[in-house]
K.L.:
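Here you go, one structure.
Here is the naming used below: chain letters follow the sequence lines, and residue numbers restart at 1 for every chain.
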Amino acid sequence: MKLKSEINCIIKEAFQKAGIEIQTVMVTEATKPEFGDFQFNGIMALAKTLKQNPRELAQKLLPHIDLTGAIAKAEVAGPGFINVWLHPSWVARKCEEALQDKRLGVAKHENPIKVVVDYSGPNMAKQMHVGHLRSTIIGDTVANLLVYLGDEVIRQNHIGDWGTQFGMLIAYLEEQGSSGSGSLKDLEQFYKEAKVRFDTDISFANKAREYVVKIQSGDQHCLNLWQKFIDISLGHCEDVYGKLCIKLTREDVKAESFYNEDLPNVIEDLIAQGLLKESDGAQCVFLEGEEIPVIVQKGDGGYLYATTDLAALRYRANVLGAKRICYVVDARQSEHFRQVFTVAKESGFVSKEVRLEHVAFGTMMDKSGRPFKTRDGGTVKLVDLLDEAVIRAKESIKDKENLEPEELENLAKIIGIGAVKYADLSINRESNYVFDWDKMLSFEGNTSLYMQYAYARIQSIFRRFGKEIKRRIVIGDEIEHRLGVMLLRFEDMLYRAAEDTAPHHITGYLYELAALFTRFYEQNPILKEEVCEETQMSRLALAQLTGRTIKEGLDILGIEVVDKI
RNA sequence: GCGUUCGUAGCUCAGCUGGAUAGAGCACUCGCCUUCUAAGCGAGCGGUCUCAGGUUCGAAUCCUGACGGACGUACCA
């Protein structure tokens with residue numbers, strides 16, 4: 001249900017009937033309950049251009065607003081606001097319709113497009129660490145959201161599988177022989193050991209360097225070893241994805257090395273476009289008004305990640321056919337992307353209509369405001385962090401003694417992982433975010449637990465009720481009215497979140513919804529004896545729609561729900 | 001130095017095209033369980049929206065400058 005469009009249309013019609021010209025009508029949610037459900041602020045701006053008194057203009061419009069459909073009442077207020085109240089019966093009917101629909105009345109894009117979402121992108125030489133957490137979580141949500149809204153989403157995991165450090169790692173893997181796979185269980189340890197060998201043994205170091213050259217020249221034996229190494233390392237990532245309920249699979253992997261063959265062509269094509277200039281021995285693209293060029297080939301002939309990104313961009317636009325490409329990458333790389341996007345457009349590698357977006361996010365901080373590290377200053381492995389989340393969640397569960405071990409384990413996983421993901425998604429992605437265990441595992445405030453708890457309470461009602469419900473809704477009071485309107489806003493909110501690639505709109509909405517429901521739940525008894533059947537059915541229907549909306553919303557965020565907490 | 005970005009309650013954060021008395025949660029103080037999950041709900045307390053100008057009917061939001069922080073600043077990714 002595109003609620004705002006519905007109201008916009010009614011008001012736009014009123015303008016036509018009143019003979020007043022207006023470009024676009026955009027209502028917003030009322031800032032306070034006293035001001036109704038929605039408000040239209042555009043009169044003031046219009047009055048300015050028409051040089052008319054805003055209140056008089058609003059008064060002229062008012063009689064033309066159709067009060068037979070969605071809108072029950074419209075009033076002029078303040079300097080020229082138009083406050084709008086919706087018909088309770090209309091809200092009720094639309095909620096009933098949403099309840100009948102598998103998708104809760106959320107339409108798919110009329111013109112779906114192909115969208116590439118590039119996220120996670122771990123480095124194969126290292127274990128996944130907290131630096132990959134935000135990209136992985138946010139990217140997966142963005143992809144889920146766009147899928148839900150009907151776009152054809154192509155997830156891309158641009159793993160780092162190329163570079164000089166692989167020579168060292170492969171040399172060490174070969175030295176270890178068959179036992180190598182075993183010691184690779186801990187990639188961090190493996191890397192350290194290899195590094196020690198590299199630093200202390202000259203013949204090993206030379207061998208490592210030879211391997212780099214051999215891999216690059218396509219030596220089959222070395223490539224096999226390299227492939228083996230990547231497979232194992234990627235397996236580690238998949239363990240993390242599994243724990244985190246991330247939907248990335250092997251099919252989504254398009255490693256850096258995938259673009260190797262195309263890199264010389266990128267250079268040639270840039271030359272053909274006349275964009276390339278040599279500077280200090282490096283091949284560069286100088287952009288207008290920018291001091292620092294984009295270097296695409298080093299003085300020694302090697303390529304850089306700008307080169308790979310250009311190759312990837314044109315592959316995605318031209319081979320995959322993407323019309324929108326989202327890079328879910330750390331905000332620190334925003335200049336890099338701005339430049340690479342410009343080069344991609346200027347060179348014609350990517351046509352002008354393709355929307356290129358850097359979905360930037362801030363750094364993860366600890367409670368004291370410093371970048372998130374282990375006590376001794378090392379990087380925190382993602383596996384360890386997630387395991388800790390589950391342990392902490394388990395400890396926080398109230399009736400853990402009364403649960404079966406498997407039940408407890410499952411519940412702890414859902415709560416712990418949900419908490420980590422929700423905490424990340426619930427703040428504006430561009431700002432740095434403070435990682436705080438106590439806050440994220442709290443039942444209070446805008447947390448996944450609060451939502452999961454609200455959901456569980458709803459399920460508890462239906463367990464007790466135990467029968468099929470009639471999907472007939474009668475809005476009985478203020479709180480039910482607000483709950484109904486909130487439920488109908490689901491679609492608008494999702495579309496806005498997709499447009500802004502802003503998951504925190506979803507969490508903010510879910511929190512408001514759950515909070516409203518909890519108030520409704522406190523005030524309006526459902527299964528009590530004194531409640532008449534009509535009211536009971538109506539309240540059950542509202543509860544059911546709320547439950548399904550919370551579940552659907554959390555599902556897009558990649559967070560699970562449970563029937564009992 | 002230059003560039004990007006941020007600065008909202010004691011803390012963590014919302015605040016959509018410029019709109020009404022700037023909102024939540026935590027913390028603190030009170031009140032509400034013989035009744036659907038009280039891991040909940042209600043009420044109170046708390047703000048010169050960093051500062052100074054400007055644009056206008058109206059600015060947390062737009063512009064300029066200052067101060068403070070984060071990040072980036074050519075052959076790493």
K.L.:
Does B/rC26 sit syn or anti, given that only angles within 90° of 0 count as syn?
P.N.:
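Anti for B/rC26; the angle lies over 90° from 0.
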K.L.:
Does B/rA52 pair with anything, Watson-Crick or G-U wobble, both distances under 3.5 Å, and if so, with which nucleotide?
P.N.:
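Checking every strand shown, B/rA52 finds its partner in B/rU64, with both distances under 3.5 Å.
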K.L.:
In this structure, how many angstroms lie between the P atom of B/rC76 and the CE atom of A/M124, rounded?
P.N.:
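For the pair A/M124 CE and B/rC76 P, the rounded distance is 22 Å.
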K.L.:
What is the nucleic acid contact for A/N432, judged by heavy atoms within less than 4.0 Å: base, sugar-phosphate only, or nothing?
P.N.:
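Here A/N432 touches the backbone only, sparing every base.
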K.L.:
Contact class for A/D300 vs. all strands (heavy atom < 4.0 Å): base, sugar-phosphate, or nothing?
P.N.:
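It contacts nothing in the nucleic acid.
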K.L.:
What is the distance, to the nearest angstrom, from the OH atom on A/Y303 to the P atom on B/rA77?
P.N.:
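After rounding, the gap between these two atoms is 13 Å.
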K.L.:
Applying a 4.0 Å non-hydrogen cut-off, can you work out what A/I292 is touching in the nucleic acid: base, sugar-phosphate, or nothing?
P.N.:
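Sugar-phosphate contact only.
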K.L.:
Do A/K48 and B/rG58 have a side chain to base donor-acceptor pair shorter than 3.5 Å?
P.N.:
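Pair found.
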K.L.:
Can A/F81 be classed as stacking with the base of B/rG19, given a centroid separation cut-off of 5.5 Å and a plane angle cut-off of 30°?
P.N.:
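So A/F81 does not count as stacking on the base.
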K.L.:
Return yes if some donor-acceptor pair links the side-chain N/O of A/S135 with the main-chain N/O of A/V328 below 3.5 Å, else return no.
P.N.:
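Yes, because the side chain of A/S135 sits within donor-acceptor range (under 3.5 Å) of the backbone of A/V328.
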K.L.:
Which nucleotide in the list B/rG42, B/rG19, B/rA38 gets nearest to the side chain of A/P79?
P.N.:
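Between B/rG42, B/rG19, B/rA38, the one nearest the side chain of A/P79 would be B/rG19.
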K.L.:
Could you tell me how far apart A/H505 (NE2) and B/rC13 (P) are, to the nearest whole angstrom?
P.N.:
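Distance, rounded to whole Å: 17 Å.
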K.L.:
Using the side-chain heavy atoms of A/Y450, tell me which of these nucleotides is nearest: B/rA38, B/rG40, B/rC75.
P.N.:
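Of the candidates, B/rG40 comes closest.
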K.L.:
Could you check which nucleotide pairs with B/rA14 in any of the strands shown, counting Watson-Crick or G-U wobble with both distances under 3.5 Å?
P.N.:
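Here B/rA14 is not engaged in any pair, so there is no nucleotide opposite it.
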K.L.:
Report yes or no: is the ring centroid of A/Y453 under 5.5 Å from the six-membered base ring centroid of B/rG40, with the two planes under 30 degrees?
P.N.:
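No.
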K.L.:
According to the Watson-Crick and G-U wobble definitions, with both distances under 3.5 Å, which nucleotide is paired to B/rC41?
P.N.:
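Pairing partner, where one exists within any strand: B/rG31.
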K.L.:
Rounded to the nearest angstrom, tell me the gap between atom CZ in A/R429 and atom C1' in B/rC13.
P.N.:
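Those two atoms, CZ and C1', are 16 Å apart.
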K.L.:
Determine the contact category for A/L449: base if any of its heavy atoms lies under 4.0 Å from a base atom, sugar-phosphate if only primed atoms, P, OP1 or OP2 are that close, otherwise nothing.
P.N.:
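No contact.
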K.L.:
Please state whether the phosphate of B/rU37, meaning OP1 or OP2, lies under 4.0 angstrom from any side-chain nitrogen or oxygen of A/R464.
P.N.:
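The answer is yes; a side-chain N or O of A/R464 sits under 4.0 Å from OP1 or OP2.
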K.L.:
In the structure shown, which nucleotide is the Watson-Crick or G-U wobble counterpart of B/rU4, with both distances under 3.5 Å?
P.N.:
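The answer is B/rA70, by the H-bond criterion.
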